[in-house]
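Whatever order the structure lists them in is the order used to number ligands and atoms, beginning at 1. All residue numbers in this chain count up from 1 along the given sequence.
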Amino acid sequence: MTYFSPTDLIINPDGSSYHLAIQPDQVTDQIILVGDPERVPKVSQYFDRVDVKIHKREFVSHFGELNGNRIGVISSGIGADNVEIVLNELDALVNVDFETRLEKATKKSLEFIRIGTSGSIQVSIPVDSFLVSEAAIGFDNLAQFYGFTGENMLEADALTLWAQTIQYPIPLYGAKASSKLLNKFTAIPFHGYTLTAPGFYAPQGRTVRMKSLLPNFLQDVSTQAFQGNLMTNIEMETAAYYAFASSMGHEMISLNAILANRITHEFSRNPEGQIQALIELALDSIA
Ligand code: R1P
Ligand code: URA
């Protein structure tokens, strides 16, 4: 079995993972993932009990119990680069022996549910609606470093063709949600293809003072279908979550509160209320 050196897999003196500061026996099989650290207590307030609270950098983790099952909620902060840290460390916590630093022979599959926010890029998907990401396409550069695999990955050749259609200069990667988890969230009306952007402003077609080098980006991605599917929404983590989950054998689904409509230029008048409503709906659906 593979051995991971002390600089490949950094373990803190208390036996916890380097960034998340979580110890192996604290990890739960089911974990809610949010971006905003302040969203963590907004989720864990519904747990029957919170046993463990950890805070390091933007990574806040609460572990406890809901309806008799162990459950956790962890914040990732913003972006696919943080997802890379969160999923590598959570996977190592369950699939590597932290005493011997050896990969375990029998692998464990975790269940992840992202409760996040997003902007719609279709008029038909209004502000204050909820959307399940059926699949997501990543515009970041993680696929330059990871050979993502697994049955949930989208076809690389089809993505290359689509990238040419929308004149996007770097290779894309994409992956699907766990089909097992899709069945749990049938109460959420909109399902769609999510674009995961490597930034909030120009990479999502926004102009403040710095102009985008791709002025037609939003127009192109919202009108050019990928394998018959129009992109529905933009956020900043889902494709990375789906690609890591597919590659490492975990179940993952991303739920989005649509706060903006980038085509009609509307923004939610009650973003916090919408996020709280999505948290309640998500927890009801997994109960
Ligand atoms: C940008 O404001 C952030 O909001 C979205 C994006 O993915 C990005 O992380 O998700 P969260 O609300 O979950 O952070
Ligand atoms: N989060 C994003 O990443 N984009 C939006 O437009 C809204 C929320």
Verify the ring-centre separation between Phe148 and Phe244: is it less than 6.0 angstrom?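 Ring centres of Phe148 and Phe244 closer than 6.0 Å.
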
Just checking Phe112 against His250, ring centres under 6.0 Å apart?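 So the answer is yes for these two rings.
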
For ligand 2, does Thr117 get within less than 4.0 Å through its side chain, its backbone, both, or neither, judged by non-hydrogen atoms?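 The part of Thr117 near ligand 2 is both the backbone and the side chain.
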
Select one of side chain, backbone, both or neither to describe which atoms of Ser118 lie under 4.0 Å from any atom of ligand 2, heavy atoms only.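 The backbone, only.
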
Checking a contact table here: which protein heavy atom is nearest atom 3 (O) of ligand 2, and how many Å away?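 For this ligand atom, the closest protein heavy atom is Gln204 NE2, 3.0 Å.
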
At what distance is the nearest protein heavy atom to atom 6 (O) of ligand 2, and which residue and atom is it? Arg206 NH2, 2.7 Å

Any salt bridge linking Arg39 with Glu272? Criterion: basic side-chain nitrogen under 4.0 Å from a carboxylate oxygen.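 No.
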
Under 4.0 Å to a heavy atom of Gly119 - the qualifying atoms of ligand 2, by number: 4 (N), 5 (C), 6 (O), 7 (C)

Can you establish whether the number of heavy atoms outside Tyr146 located under 6.0 Å from its atom OH is more than 12? yes

First-shell residues of ligand 1 [heavy atom, distance under 4.0 Å]: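 Those residues closer than 4.0 Å to ligand 1 by some heavy atom are Gly35, Arg39, Ile78, Arg114, Gly116, Thr117, Phe200, Glu235, Met236, Glu237.
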
4.0 Å heavy-atom contact, Ile234 with ligand 2: yes

Between Tyr168 and Phe139, how do the two ring planes meet: parallel, tilted or perpendicular, split at 30° and 60°? perpendicular

Run the salt bridge (charged side-chain N to carboxylate O under 4.0 Å, His left out) test against Lys176 and tell me which residues pass, sequence neighbours left out. none

Would you please name every residue forming a salt bridge (charged side-chain N to carboxylate O under 4.0 Å, His left out) with Glu65, sequence neighbours left out?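 Glu65: salt bridge (charged side-chain N to carboxylate O under 4.0 Å, His left out) contacts with Arg49.
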
Please determine if Arg206 forms a cation-pi arrangement with Phe200, meaning its NZ or CZ atom is less than 6.0 Å from the six-membered ring centre and no more than 45° off the ring axis.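 Relative to the ring axis of Phe200, which defines the angle, Arg206 lies inside both limits.
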
How would you list all residue pairs meeting salt bridge (charged side-chain N to carboxylate O under 4.0 Å, His left out) that involve residues 94-106, not counting sequence neighbours? Glu103-Lys107

